[in-house]
Amino acid sequence: MDLKFGNSRKFVSISIPSKSDSVSPHIKSVDDIRVLGINLSKFQKPVQFFICVAGVFVFYLIYGYLQELIFSVEGFKPFGWYLTLVQFGFYSAFGLVELQMTQDKRRRIPAKTYMIIAFLTVGTMGLSNTSLGYLNYPTQVIFKCCKLIPVMIGGIFIQGKRYNMADVAAALCMSVGLIWFTLADSTVAPNFNLTGVFLISLALCADAVIGNVQEKAMKHHNGSNSEMVLYSYSIGFVYILFGLVLTSGLGSAVAFCSKNPFQTYGYAFFFSLTGYFGISFVLALIKIFGALIAVTVTTGRKAMTIVLSFLFFAKPFTFQYIWSALLVVLGIFLNVYSKNMDKIKFSQIFSLLKKGTDGKTWTFSQTV
């Protein structure tokens, strides 16, 4: 009789697969693909893809337009760090609102880790914004496409990594394309300044580090995107505020923006809002369709941003921009191809154990 009871217990304790298992192999729950209140799990894959791509293009094209529009305001170019301060303030507010809408509001990642992440985030976004005071917007976008270069250099010298021929070819294409694009910019742009190249290069180095730090923290402590946004950007806000006060750069920036509130604070609000919404669709695209599709979409978005920049804002043009940009795009796809080939080999060996993405955590501040 006990034996029968034990058998019955075995059958009673059968676990039923959750609803999310039938949605996508890349996500853990239905909530993971809810974007701006839209439950993407209710739609078929082609509709999900269309919604994500439309969100990425619409919000990030507006984001890029507003960023360049702010720096086209006469006299604003010296205040890139103040724009970053305002942007961090808005992101902190957005993160707080999103965190309040979740059930678990606990901080899981240690404060010391957030202090490091905030410092790197300040370097990435602050230097990137400030570089626009010295560079054309298309040049900045081209540089932001080439994060692979500092990542590979750091991997070789710090971790002793070795890269395959596709990665090396990708880095060479990006390097040649960057040099060619920068030389073209220096010959036709009347206000070209090597300071901008130095600033955006430092921003890329910080961005290459921050992804690894964020991914490790999110995996180890199981933190959420909204938590990461709230604490990293709020701490970063304090860093920038302290720096502006020490350098006496706060008073002049506040005085200038108070004279042009709509063209500064108004643009900055929509600039921050569209960036926050845009990354939500990028994360959904990664979770549902994988990094390869996401990189392809965001690369197309960056190309469209450069085209619209030349259409909406008067600036000199040369065909060297086109050829050098194509070299950079070729480098991006060589890098993506290399990573995808590794995943295909991995999935062939462990096809019965794993499906979909390799379980990476994708965070808010991924550069797109």
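Just so you know, these numbers come straight off a predicted model, no measurement behind them.
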S.K.: Do the side chains of Phe262 and Phe76 join up, straight or via other hydrophobic residues, at under 4.5 Å, putting them in one cluster?
M.R.: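 Result: yes, single cluster for both.
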S.K.: Not counting sequence neighbours, which residues clear side chain to side chain contact (heavy atoms under 4.5 Å, CB included) with Ser234? List them please.
M.R.: Ser92
S.K.: Please indicate whether Phe119 has more than 12 foreign heavy atoms, meaning atoms of other residues, nucleotides or ligands, lying under 6.0 Å from its CZ.
M.R.: no
S.K.: Kindly state each residue pair satisfying salt bridge (charged side-chain N to carboxylate O under 4.0 Å, His left out) with at least one member in residues 264-273, sequence neighbours excluded.
M.R.: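 The answer is none; no pair qualifies.
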S.K.: Would you say CZ of Phe270 has more than 12 non-hydrogen atoms from neighbouring residues, nucleotides or ligands within 6.0 angstrom?
M.R.: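 Atom CZ in Phe270 is not crowded, with 12 or fewer foreign heavy atoms closer than 6.0 Å.
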S.K.: Check whether any side-chain heavy atom of Thr84 lies under 4.5 Å from a side-chain heavy atom of Val122, and answer yes or no.
M.R.: no
S.K.: Please enumerate all residues that pass ring pair (Phe, Tyr, Trp, His ring centres under 6.0 Å) together with Phe198, with sequence neighbours excluded.
M.R.: none
S.K.: Any salt bridge (charged side-chain N to carboxylate O under 4.0 Å, His left out) pairs touching residues 55-71, not counting sequence neighbours?
M.R.: Glu68-Lys315
S.K.: Measure across Gly80 and Thr130 and return the closest heavy-atom pair with its distance rounded to 0.1 Å.
M.R.: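 Looks like C-OG1, 3.9 Å.
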S.K.: Would you name the heavy atoms of Leu132 and Gln140 that are closest together and state the gap between them?
M.R.: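 Minimum heavy-atom contact is CG-NE2, 3.6 Å.
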S.K.: Side chain of Tyr239, backbone of Met115: donor and acceptor closer than 3.5 Å?
M.R.: yes
S.K.: If you measure from CG on Leu250 to CD1 on Ile240, what distance do you get to the nearest 0.5 Å?
M.R.: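 Rounded to the nearest 0.5 Å, the CG-CD1 separation comes to 11.5 Å.
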S.K.: Atom CD1 in Ile142, atom OH in Tyr137: separation rounded to 0.5 Å?
M.R.: 11.5 Å
S.K.: For a quick test of your reading: what N or O donor-acceptor pairs under 3.5 Å do the side chains of residues 168-177 make, sequence neighbours left out?
M.R.:
from: Ser175; atom 1: OG; to: Ala171; atom 2: O; distance (Å): 2.8

S.K.: Check side chain to side chain donor-acceptor pair (under 3.5 Å) between Tyr82 and all other residues, then give those that pass, not counting sequence neighbours.
M.R.: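 Once residues adjacent in sequence are excluded, the partners of Tyr82 under the side chain to side chain donor-acceptor pair (under 3.5 Å) criterion are Tyr265.
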S.K.: Hey, does Val238 have a side-chain heavy atom less than 4.5 Å from the side chain of Ile235?
M.R.: no
S.K.: Could you report the tightest heavy-atom contact between Ser232 and Ile117, atom names first, then the distance?
M.R.: CB-CG2, 3.9 Å
S.K.: Which one of Phe237, Tyr233, Phe94 satisfies the ring-ring contact (aromatic ring centres under 6.0 Å, His included) criterion with Phe88?
M.R.: Tyr233
S.K.: Atom OG of Ser272 and atom OH of Tyr267: how far apart are they, to the nearest 0.5 Å?
M.R.: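 If I round to the nearest 0.5 Å, the distance is 14.5 Å.
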S.K.: Under the rule for side chain to side chain donor-acceptor pair (under 3.5 Å), what residues qualify as partners of Ser131, not counting sequence neighbours?
M.R.: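 Checked Ser131 against side chain to side chain donor-acceptor pair (under 3.5 Å); zero matches.
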S.K.: Which atom pair, heavy atoms only, marks the closest approach of Val197 to Ile200?
M.R.: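 It is O-CG2, 3.3 Å.
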S.K.: So, using side chain to side chain contact (heavy atoms under 4.5 Å, CB included) as the criterion, who are the partners of Tyr63 when residues are at least two apart?
M.R.: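 Here the qualifying residues are Tyr60, Gln67, Gln87, Tyr91, Phe271, Thr274.
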S.K.: Are side-chain heavy atoms of Phe43 and Ile51 found at a separation under 4.5 Å?
M.R.: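 Phe43 reaches Ile51 side chain to side chain.
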S.K.: Nearest 0.5 Å, what's the CG-CD1 distance between Leu327 and Ile322?
M.R.: 13.0 Å
S.K.: Decide yes or no for Leu127 and Trp81: does some side-chain heavy atom of the first lie under 4.5 Å from some side-chain heavy atom of the second?
M.R.: yes
S.K.: What heavy-atom pair brings Thr264 and Cys257 nearest, and what distance separates the two atoms?
M.R.: OG1-O, 3.3 Å
S.K.: Are Leu83 and Phe79 packed together at the side-chain level, in the sense that at least one heavy-atom pair is separated by less than 4.5 angstrom?
M.R.: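 They are not in contact (no side-chain heavy atoms under 4.5 Å apart), so the answer is no.
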S.K.: According to side chain to side chain donor-acceptor pair (under 3.5 Å), who are the partners of Thr305, at least two apart in sequence or on a separate chain?
M.R.: Arg301
S.K.: So, do Phe59 and Ile279 sit near enough that their side-chain heavy atoms are less than 4.5 Å apart?
M.R.: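 Phe59 vs Ile279: side chains apart.
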S.K.: Residues sharing Phe50's hydrophobic cluster, by side-chain heavy-atom contacts under 4.5 Å among ILVMFWY, directly or via others?
M.R.: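 Joined to Phe50, directly or through intermediates: none.
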S.K.: My understanding is that a hydrophobic cluster links ILVMFWY residues whose side chain heavy atoms are under 4.5 Å apart, including indirect links. Using that, what else belongs to the cluster containing Leu246?
M.R.: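 Reading the cluster by chain and number, Leu246 sits alongside Phe242.
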S.K.: Please name the pair of heavy atoms, one in Trp180 and one in Ser324, separated by the smallest distance, quoted to 0.1 Å.
M.R.: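 Closest pair (atom of Trp180, atom of Ser324, distance): CB-CB, 3.6 Å.
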S.K.: With sequence neighbours excluded, what pairs up with Leu96 under the side chain to side chain contact (heavy atoms under 4.5 Å, CB included) test?
M.R.: Gln100, Leu230
S.K.: Is there side-chain contact between Tyr114 and Arg107, with at least one heavy-atom pair below 4.5 Å?
M.R.: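 Yes, their side chains come closer than 4.5 Å.
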S.K.: Check whether any side-chain heavy atom of Cys52 lies under 4.5 Å from a side-chain heavy atom of Val282, and answer yes or no.
M.R.: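 Heavy-atom side-chain distance check fails, nothing below 4.5 Å.
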S.K.: To the nearest 0.5 angstrom, please state how far the CG atom of Asn260 sits from the CD atom of Glu74.
M.R.: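 One finds 10.0 Å between CG of Asn260 and CD of Glu74.
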S.K.: Let me confirm one number: the CD1-CG distance from Ile70 to Asn129, rounded to the nearest 0.5 Å.
M.R.: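 That separation rounds to 8.5 Å.
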